[in-house]
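What follows is one structure encoded as structure tokens, with my remarks underneath.
The chains referred to below are lettered A, B, ... by the order of the sequence lines, with proteins before strands, and numbering in each begins at 1. Just the heavy atoms: all of them, side chains too, but no hydrogens, waters or symmetry mates, feed the values below.
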Protein chains: 2
Amino acid sequence: MSTRGQSVVRALRDKVLDGEYAPGARLNEIEISNSLNVSRTPVRAALAILATEGLLDYVPNSGYVVRSYSVQDIEGVYAARSVLEGLAARTVAEKGISDRVRGLLHKNLAETEALLNETDWSDRLRDEWGRLNEEFHEAIFADAGNRHLSELIGKSRSIPLLKGVKFRWHDLDTLAASYSDHAELFDAIANGQGTRAEHLAREHVYQAGRRLVANWRRAGVDGASAATRRPIRKVSRAA
Amino acid sequence: MSTRGQSVVRALRDKVLDGEYAPGARLNEIEISNSLNVSRTPVRAALAILATEGLLDYVPNSGYVVRSYSVQDIEGVYAARSVLEGLAARTVAEKGISDRVRGLLHKNLAETEALLNETDWSDRLRDEWGRLNEEFHEAIFADAGNRHLSELIGKSRSIPLLKGVKFRWHDLDTLAASYSDHAELFDAIANGQGTRAEHLAREHVYQAGRRLVANWRRAGVDGASAATRRPIRKVSRAA
DNA sequence: TCTGCGAAGATTGCATCCAATCTTGCATTC
DNA sequence: GAATGCAAGATTGGATGCAATCTTCGCAGA
């Protein structure tokens with residue numbers, strides 16, 4: 001809440017990531033400035049920043065639209081994320097996990113396991129599971145102590161429309177498998193097994209990506225049409 | 001040359017990457033707008049973008065400074081780059097290299113080899129070698145067909161002050177070794193050996209990073225002081 | 001001499017106005 | 001009827017003025 005520009009960046013980023021602005025949607029400076037009660041100046045700054053972050057596409061003199069991701073794009077994102085998180089896991093394993101993160105992950109695993117034994121699997125529990133999953137991954141790559149790596153992973157984790165649909169169709173078996181992955185990964189890291197940790201993390205993220213793509217396809221027309229890149233301006237009529 | 005803002009972004013980015021603005025240097029909006037003959041508006045937009053790209057540090061109400069990278073930071077950047085370029089190499093090897101890039105790399109290797117047989121090793125040849133090296137790497141990760149991966153590698157390859165000092169102290173033996181790495185990597189990719197290609201690329205980039213860090217340290221006081229992070233504002237006096 | 005306070009100067013943040021470009025719709029022409 | 005050209009509206013790009021914040025420098029006091 002430092003400057004208005006930063007506030008607008010946060011507000012718009014959340015809306016884009018939550019799908020409030022769907023992929024392909026056009027972002028109008030005046031509408032946004034009215035809805036957020038600021039002038040166009042901080043809005044324009046925020047749009048430029050979000051475009052640089054990769055959340056928006058920008059065409060000069062035309063405007064900004066929420067970037068659309070095809071199935072191939074998503075596969076590419078997860079391919080990159082898998083090697084990055086693999087590197088993070090290896091790094092933590094080889095340099096030694098910090099006591100703080102060891103305790104955090106231990107607690108995280110216990111809470112996740114408890115969650116899996118719940119009977120009524122409501123949306124609230126799903127959200128809680130998503131939070132724990134995020135906490136687990138973030139704790140690891142933060143403990144790698146590599147600022148650049150953290151930035152790259154962060155960029156790979158914030159993609160329009162992924163956040164909202166990410167863990168929506170997961171059945172209990174999938175969640176249990178994910179928990180098992182986490183437990184093994186923690187074991188490898190805690191025991192300094194760098195190569196094992198790297199491979200486990202890579203495979204874990206890879207599987208997550210594959211499930212996401214499968215759900216993406218299963219979502220059918222909605223997801224497909226929303227993910228289809230829509231041109232900002234009409235193509236020129238002259239051939 | 002579409003909008004002034006984009007022109008300013010390019011101009012400032014080049015200056016930062018070439019070291020014209022040294023790490024830790026403060027960027028004044030008015031000075032820049034005067035030197036580039038534009039108003040503060042496009043300059044402000046450009047500064048925000050470059051900060052988002054990671055080239056500048058930003059402190060609200062204080063301004064922008066060229067981001068400084070410690071030796072640990074550089075090691076981290078190269079660690080990330082190595083796994084990313086490893087992934088790119090594996091991807092190209094497994095999906096099959098395109099004819100265009102196969103020809104390009106073939107030509108690139110021939111030109112590099114010819115360069116190594118030159119007798120008078122002038123600065124011009126050094127620059128030429130740097131260009132060929134860049135072309136080689138870029139051709140590979142571009143051929144992977146992963147937009148996100150390309151963006152991440154691009155971000156890892158544009159770091160303040162690296163461009164200028166990158167290949168300045170390399171002796172002929174080092175360059176020959178690098179050429180040999182490239183040749184082997186091309187062989188692995190062209191023969192569809194994904195794992196081998198990945199490992200070769202990782203090691204190649206890792207070695208490049210290690211050499212850079214060694215030169216960085218050897219540069220001694222200059223590099224060290226330039227790389228030392230300088231606080232933007234005075235620390236608050238009250239404890 | 002050093003520390004803390006305060007006022008003046010400098011710099012950034014934001015709002016608003018104008019210019020440039022694009023988009024849209026209609027009329028005209030083939 | 002379809003395509004082209006033109007004009008009006010809408011939207012973005014840039015410049016400028018003012019407010020808010022920070023920085024710097026000097027001064028008073030311990």
Side-chain angles (χ1 to χ4, degrees), chain A residues 1-13 15-16 21 24-53 55-67 229-239, chain B residues 1-13 15-16 21 24-53 55-67 229-239:
Chain A
M1 248 252 269
S2 200
T3 71
R4 300 183 194 209
Q6 292 182 317
S7 302
V8 175
V9 168
R10 273 193 295 273
L12 287 182
R13 180 162 38 210
K15 291 190 180 193
V16 169
Y21 291 118
R26 200 158 180 300
L27 299 185
N28 184 298
E29 292 179 3
I30 299 179
E31 286 179 16
I32 295 171
S33 60
N34 287 339
S35 72
L36 295 179
N37 280 347
V38 295
S39 82
R40 280 177 53 212
T41 305
V43 174
R44 294 187 46 192
L47 290 175
I49 287 173
L50 292 177
T52 306
E53 288 181 358
L55 272 66
L56 305 178
D57 281 326
Y58 168 62
V59 176
N61 292 315
S62 174
Y64 297 84
V65 300
V66 179
R67 187 184 281 191
R229 191 153 302 167
R230 184 162 38 158
I232 298 178
R233 69 177 75 180
K234 284 184 177 174
V235 266
S236 63
R237 313 132 216 188
Chain B
M1 248 254 269
S2 199
T3 71
R4 299 185 193 208
Q6 293 182 317
S7 303
V8 175
V9 168
R10 274 194 293 275
L12 288 183
R13 181 164 35 211
K15 290 191 180 191
V16 169
Y21 291 117
R26 202 158 179 300
L27 298 186
N28 184 297
E29 292 179 4
I30 299 178
E31 287 179 16
I32 295 172
S33 60
N34 287 338
S35 72
L36 296 179
N37 280 346
V38 294
S39 82
R40 282 177 52 213
T41 305
V43 173
R44 287 174 54 84
L47 291 174
I49 287 174
L50 293 177
T52 306
E53 287 182 359
L55 273 65
L56 305 177
D57 281 325
Y58 168 62
V59 176
N61 292 315
S62 175
Y64 297 84
V65 300
V66 178
R67 187 184 280 191
R229 191 153 301 165
R230 182 162 39 157
I232 298 178
R233 70 177 75 181
K234 284 186 176 174
V235 266
S236 64
R237 315 129 216 190

Which residues, if any, of residues 37-45 of chain B bring a heavy atom under 4.0 Å of DNA chain C?
-> B:R40, B:R44
Would you mind reading off the distance between A:N61 atom CG and D:dA10 atom C1', rounded to a whole angstrom?
-> 13 Å
Sugar-phosphate only, base, or nothing, as touched by B:L27 at under 4.0 Å among non-hydrogen atoms = sugar-phosphate
For the residue pair A:L12 and A:Y21, establish whether any side-chain heavy-atom pair is separated by less than 4.5 Å.
-> yes
Pairs where residues 30-39 of chain B contributes a residue and the test salt bridge (Lys or Arg N to Asp or Glu O under 4.0 Å) is met, not counting sequence neighbours = none
Take B:V9 and B:L50 through the side-chain contact (heavy atoms from CB on, under 4.5 Å) test and state the conclusion after the steps.
-> CA-CA 7 Å; B:V9 168; B:L50 293 177; 4.1 Å; yes
Has B:R4 got a side-chain N or O lying under 4.0 Å from the OP1 or OP2 atom of C:dA20?
-> no
Ignoring backbone atoms, test whether A:Y58 places a side-chain nitrogen or oxygen under 4.0 Å from the OP1 or OP2 oxygen of D:dG13.
-> yes
In residues 28-35 of chain B, what residues come within less than 4.0 Å of DNA chain C, judged by heavy atoms?
-> B:N28, B:E29
Applying side-chain contact (heavy atoms from CB on, under 4.5 Å) to A:A48 and not counting sequence neighbours gives A:Y64, B:I49
Salt bridge (Lys or Arg N to Asp or Glu O under 4.0 Å) involving B:R40 - partner list, sequence neighbours excluded = B:E29
Partner residues of B:S39 under the side-chain contact (heavy atoms from CB on, under 4.5 Å) criterion, sequence neighbours left out | B:T41, B:P42
Round to a whole Å and report the spacing from CG of B:L47 to P of D:dG14.
-> 14 Å
Looking at CG of A:L47 and CG of A:L56, how far apart are the two atoms once the value is rounded to the nearest 0.5 Å?
-> 6.5 Å
Tell me, please, which residues at least two apart from A:R13 pass salt bridge (Lys or Arg N to Asp or Glu O under 4.0 Å).
-> A:E53
